[in-house]
Number of protein chains: 2
Amino acid sequence: MNARPKVVETIEPQLKLGCASCAAHDLTLCRAVSEMAWSLPRGESVEIQNSNQIVPARRIVFRDHDLHDAVPVICAGWAASIVLLSDGSRQILSFLLPGDIVSTALLFDSRAHCLVEAITEVRYRTFNRAALKANLYKHPDLLEKFSRAWIEEKARADQLIVDLGRRTAEERIARLILSLQDRLVRRGLVHADTEEMDFPLRQHHIADATGLTPVHVSKVLSEFRRGGVIKISERSLTVLDPVRFRRVANMR
Amino acid sequence: MNARPKVVETIEPQLKLGCASCAAHDLTLCRAVSEMAWSLPRGESVEIQNSNQIVPARRIVFRDHDLHDAVPVICAGWAASIVLLSDGSRQILSFLLPGDIVSTALLFDSRAHCLVEAITEVRYRTFNRAALKANLYKHPDLLEKFSRAWIEEKARADQLIVDLGRRTAEERIARLILSLQDRLVRRGLVHADTEEMDFPLRQHHIADATGLTPVHVSKVLSEFRRGGVIKISERSLTVLDPVRFRRVANMR
DNA sequence: CGGTGTCTTGAATACCATCAAGTCTTGTGG
DNA sequence: CCACAAGACTTGATGGTATTCAAGACACCG
């Protein structure tokens, strides 16, 4: 408990205290499923037994074209949905944060169409797809949470399309950081006073998410730091000048 | 009836014969809703009365941030979902073809988050959202059609992300054309022998969909034509050398 | 008939990629 | 504990792809 690596320390308390202590428990499926569970007959559970899985950083969580009879939800850590191209280049479709359903399409389609890679160590639960579907309309709260997740997933995909199609490198990177910060704030994962946040992304992650090269990401980030708008150190990030940074990002 | 513009001629027979003659009737919601209608009590209809609307080419169908209590489905013509940026540039999120739900998110969210513009003259129907939702789980066929539409919508968005992030101008344009051809083939809208298809897109539409400028789109298309891989004339397009064109597109 | 929208082509420029070399950190096996 | 390798990041030089700017051809329409 004293000289452990950083990531494990952040995950341990949740494992001990259970899902209710999860930062994102209220946000997505987990809370709705827990409440629904009370009304289910004994023995019928939506969550798959022993579904709590841990994957080390940089490991593949799900492979492309894997078949799933379950819907996975991230409990702790960061992951990424990635498409691999034949020439070896990669495109990150989305970053997965605690509370995120890996893909809402998995509720109806058993085939994943991209791979999921752990960025930090990742813990996830899995819910039985058939059981989830069967209970969707009996439990309005579940359906509502689910449709929200789906709408947000699609909205973020659409945003990314606009960013990749019509924005400069600086805008793309700034918007990526701001969008991640926004999602972390909603999970209570940004320090209230300092506005500092965990930022485990490597520059190649940023490159693969923004359609740039790692070299160019490095140059833009250096530019941001020299300008004093952000600070990055020790896998954490602070937006020092939110007004200017949002102007760079062309937001608001 | 004798000297009408071209587009109206193509739509008229469908208006007369009703929805069952629509090229895409089997593909999406329309068929499932029609079949469901038999089992509904008198007076309860899912389709909104007089919901058949016609919008001329180049006109806006739905405005950004419009509120909808209905789910619109394209019956005839081409449209585009578009995001406008503050500097005046545009990004097309998707092209809407006959049979397409304008946005599957509209089943749960009344707010559209992009605008829809008619490319050709467009005819669409609207279904009552509350009635649709209420019947989703009573009619498995409806739910299945709907989840398929949603999965395909998301898969196309993800494809576009990869294209914009990691592919060259030639690849993007070739893949756009091939993807449209594929969707038209499924609707029976590609001439069986000649493989010719209607192609009402202006070059600025291609530019806005691929994140390029109209000038560069013109240059790439000219290159394709000079190479003899495609033929474009009179708002119709033929892929002359499918093998080579797919190689350019990096498909298969 | 001028006006508008569409497309083409060429020249100059900008943005980002590629290539390359070097620093610093992290991890690992001897 | 050190040596070494691999990964992560930085920086500069060079190059290519796509943009911007500009001018002209052509069709269509009121």
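Keep in mind that the numbers below use all heavy atoms, side chains included, and drop hydrogens, waters and symmetry copies. Note on naming: letters A, B, ... go to the chains in the order of the sequence lines (proteins, then strands), and numbering restarts at 1 for each one.
Taking CD from B/Glu117 and CG from B/Leu84, the interatomic distance works out to 8.5 Å, rounded to the nearest 0.5 Å. Expressed to the nearest 0.5 Å, how far OG1 of A/Thr194 lies from NZ of A/Lys231 amounts to 8.0 Å.
In terms of position on DNA chain C, the residue among B/Arg226 and B/His204 whose nearest nucleotide sits closer to the 5' end is B/His204. Mapping B/Arg167 and A/Arg202 onto DNA chain D via the closest heavy atom, the residue that lands nearer the 5' end is A/Arg202.
Across the protein-nucleic acid pair, A/Glu234 atom CD and C/dC24 atom P stand 17 Å apart, rounded to whole Å. In this structure, B/Gln203 atom CD and C/dT9 atom P are separated by 10 Å, rounded to whole Å. Atom CZ of B/Arg235 is separated from atom P of C/dG5 by 15 Å (rounded to the nearest Å). Protein atom CD of A/Glu223 is 12 Å distant from nucleotide atom P of C/dC15, rounded to whole Å. Rounded to a whole Å, the CD atom of B/Glu117 is 14 Å from the C1' atom of C/dG5. Distance CD (A/Glu171) to C1' (C/dA14): 15 Å, rounded to an integer number of Å. Taking atom CG on B/Leu212 and atom P on C/dT8, their separation rounds to 15 Å, with Å as the unit.
Nucleic acid contact class of A/Leu221 (heavy atoms, under 4.0 Å, all strands): none. Looking at heavy-atom distances under 4.0 Å, A/Arg225 makes contact with sugar-phosphate atoms alone, never a base.
The number of heavy-atom neighbours closer than 6.0 Å to CZ of B/Arg225, taken from other residues, nucleotides and ligands shown, is above 12.
Under 3.5 Å, the side chains of B/Gln53 and B/Arg125 contain no donor-acceptor pair of N or O atoms. Side-chain atoms of B/Asn250 and B/Arg167 form no donor-acceptor pair, as typed in the model, at a separation below 3.5 Å. The closest side-chain donor-acceptor pair between B/His113 and B/Asp64, if any, does not fall under 3.5 angstrom. A/Ser236 and A/Glu196 share a donor-acceptor pair across their side chains, judged by distance under 3.5 Å alone.
Where DNA chain D meets chain A (any atom under 4.0 Å from a heavy atom), the bounding nucleotides read 5' to 3' are D/dA8 to D/dA13.
When atom types are taken as modelled, the side chain of B/Glu121 and the backbone of B/Val55 share no donor-acceptor pair closer than 3.5 angstrom. Counting only distance, with no hydrogens or angles, the side chain of A/Arg166 and the backbone of B/Arg90 share a donor-acceptor pair below 3.5 Å.
Scanning residues 85-93 of chain A for heavy-atom distances under 4.0 Å to DNA chain D yields an empty list.
Ranking C/dT9, C/dA17, C/dG5 by closeness to the A/Lys219 side chain, first place goes to C/dA17.
Regarding contacts with the backbone of C/dT9, every side-chain N or O of B/Ser218 stays at 4.0 angstrom or more from both OP1 and OP2.
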